[in-house]
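Here the structure is laid out as structure tokens; the discussion comes afterwards.
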Amino acid sequence: MNISVDKISVIVPVYKVEEYLDDCIESILRQSYSNFELILVDDGSPDRCGEMCDKYKKRDARIEVIHKTNGGLSDARNVGLKVASGDYITFIDSDDIIADNYLEILYKALKKYGVDIVQGEATEIIENIGKKRKKPEVVYTRNEAIECFLQQKTVEVMACAKLYKRDCFVGIEYPKGRINEDNLTTYKNIWRANAIACIPEYIYFYRVNENGIMKSNLSARRFEILSFQDEVEEFLGTDAVAFKKSIEYAEMRIAVRLINDCIMEQKEVEFNHEMACAKKVIKDYCPDKAVCEVKYGCIVWMIKNSYWLYRTIVRWLR
């Protein structure tokens, strides 16, 4: 049965992935759902990626190639969004691989549940592709999905492994020049949606880039994400009050991660000012049993009352 009714725009930012690009593009071209356009955004890649993209364009008329000066992941995604003509949008990182029925599974679930966003499972173990986790499919209202996102339950931060109705990007762009771009954008897409469905099938394989900015040595830029709470509250406006406890919880977990990274890389002195900002987030946080996991309640207590002990434990666990 041909279900390829609506057009899907597949946006792939491309940068320095010469070794993996063929695998990524081939997995997209094998899709059982055929009505899609593949937008390859060459973000000024210094290797052969641009040339490889052009060769694929000659092979398949569904492929559009954009060559641009390097502007980062957010900028590349935004460029792709501007030229996308599909009814629905999905993002794939150029060193990743999707299941042959990735688009079909997401599209069917979207139509089945009448939602604006569908999320599948992502894995770093390629053998998991096609397998299902032992949990049911679930549909969240917009408000429920925001809570799950903020509490890091089920609704994932990552932009990939999701199918979005195009309207979820009205007035929304990825923040150019920022890292943690998914943290700063996904909640906005959810807020634009009527509901989100999460399906338990592994359909997206991602590679962990050990040379990426989130895996590289700690820098001051990593602490920019401490603006998360302010940005969420500004975006949601008066509606933010309903999510206050979850927003504060999300900000606390961000601060804990930054503190842990700083301890493990032994850069507490170098980033003394940034660490002070992160610690203030912890100091101001009052755990709420309805939201805060016991583990994080204990972490907050230790950072507040016995930081030397917390530092010792983190270094020992490293």
Side-chain angles (χ1 to χ4, degrees), residues 1 3-6 8-12 23-24 26-28 30-36 86-93 95-166 168-169 182-183 185-209 243 246 249-250 253 291 293 295-296:
M1 181 178 68
I3 63 153
S4 306
V5 178
D6 295 311
I8 297 175
S9 295
V10 182
I11 299 174
V12 182
D23 289 341
C24 176
E26 291 291 349
S27 74
I28 298 169
R30 287 195 300 268
Q31 290 302 295
S32 56
Y33 189 101
S34 59
N35 189 18
F36 66 85
D87 305 289
Y88 299 96
I89 305 289
T90 191
F91 298 99
I92 300 169
D93 286 346
D95 53 352
D96 296 341
I97 297 171
I98 56 174
D100 293 352
N101 56 353
Y102 170 91
L103 294 178
E104 180 180 349
I105 287 174
L106 293 177
Y107 180 78
K108 281 184 173 180
L110 188 143
K111 291 298 183 180
K112 175 182 177 181
Y113 293 112
V115 297
D116 291 343
I117 302 175
V118 177
Q119 172 187 285
E121 293 286 344
T123 177
E124 56 183 297
I125 303 173
I126 196 166
E127 289 79 12
N128 283 343
I129 292 296
K131 296 180 181 179
K132 290 186 177 181
R133 298 185 64 183
K134 293 182 179 179
K135 61 180 185 180
E137 296 183 356
V138 61
V139 177
Y140 296 107
T141 65
R142 180 188 68 175
N143 285 15
E144 290 171 340
I146 286 288
E147 293 279 14
C148 286
F149 170 85
L150 293 169
Q151 296 178 29
Q152 299 184 32
K153 296 178 179 177
T154 311
V155 178
E156 300 289 344
V157 169
M158 71 183 299
C160 303
K162 292 181 176 71
L163 183 64
Y164 307 83
K165 189 175 182 180
R166 188 183 183 89
C168 293
F169 282 93
D182 291 354
N183 297 72
T185 309
T186 299
Y187 71 87
K188 296 178 181 179
N189 301 134
I190 295 171
W191 193 247
R192 289 280 189 269
N194 63 342
I196 177 172
C198 299
I199 56 175
E201 188 163 347
Y202 289 109
I203 56 174
Y204 191 100
F205 166 70
Y206 64 91
R207 291 184 170 92
V208 178
N209 183 3
F243 307 102
S246 293
Y249 176 71
R253 289 188 58 165
V291 175
E293 296 178 27
K295 177 180 74 173
Y296 281 97

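Within the structure, no pair that satisfies the salt bridge (Lys or Arg N to Asp or Glu O under 4.0 Å) test touches residues 144-159, not counting sequence neighbours.
A distance of 11.0 Å separates OG1 in T185 from CD1 in I190, rounded to the nearest 0.5 Å.
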CA sep, side-chain torsions, deciding dist, call: D6, Y33, side-chain contact (heavy atoms from CB on, under 4.5 Å): CA-CA 10 Å; D6 295 311; Y33 189 101; 4.0 Å; yes
Stepwise side-chain contact (heavy atoms from CB on, under 4.5 Å) check, L103 with V10: CA-CA 9 Å; L103 294 178; V10 182; 4.2 Å; yes
Derivation of the side-chain contact (heavy atoms from CB on, under 4.5 Å) call for R166 and D87: CA-CA 6 Å; R166 188 183 183 89; D87 305 289; 5.9 Å; no
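Residues passing the side chain to side chain donor-acceptor pair (under 3.5 Å) test with D116: none are found, sequence neighbours excluded. With sequence neighbours left out, D96 forms a salt bridge (Lys or Arg N to Asp or Glu O under 4.0 Å) with no residue at all. Applying the salt bridge (Lys or Arg N to Asp or Glu O under 4.0 Å) test to D23 and every residue at least two apart in sequence or in another chain returns R207. Every residue meeting the ring-ring contact (aromatic ring centres under 6.0 Å, His included) condition with F91, not counting sequence neighbours, appears here in chain and number order: F169, Y174. For the side chain to side chain contact (heavy atoms under 4.5 Å, CB included) test, residues two or more places apart in sequence or in another chain that qualify with A99 are N101, I129, I203. Residues satisfying the side chain to side chain donor-acceptor pair (under 3.5 Å) test with D182, not counting sequence neighbours, are R77. Listed by chain and number, the residues in a salt bridge (Lys or Arg N to Asp or Glu O under 4.0 Å) with E137 are K112 (sequence neighbours excluded). For E26, the side chain to side chain donor-acceptor pair (under 3.5 Å) partners two or more places apart in sequence, or in a different chain, are Y56, R59. Here Y88 pairs with K111 under the side chain to side chain donor-acceptor pair (under 3.5 Å) rule; sequence neighbours left out. Looking at residues two or more places apart in sequence or on another chain, you find a ring-ring contact (aromatic ring centres under 6.0 Å, His included) between F243 and W191. Shown here are the salt bridge (Lys or Arg N to Asp or Glu O under 4.0 Å) partners of R192, two or more places apart in sequence or in another chain: there are none.
Classification of the Y296-Y249 ring pair by plane angle, with boundaries at 30° and 60°, yields perpendicular.
When only modelled atom types and interatomic distance are considered, Y102 and T90 share a side-chain donor-acceptor pair under 3.5 Å. Inspection of the D93 and Y206 side chains reveals no N or O donor paired with an N or O acceptor under 3.5 Å.
Remark: the backbone N or O of V157 is paired with a side-chain donor or acceptor of T186 at under 3.5 angstrom.
Here the options are K132, E127, E121, the test is side chain to side chain contact (heavy atoms under 4.5 Å, CB included), and the partner is Y202; only E121 passes.
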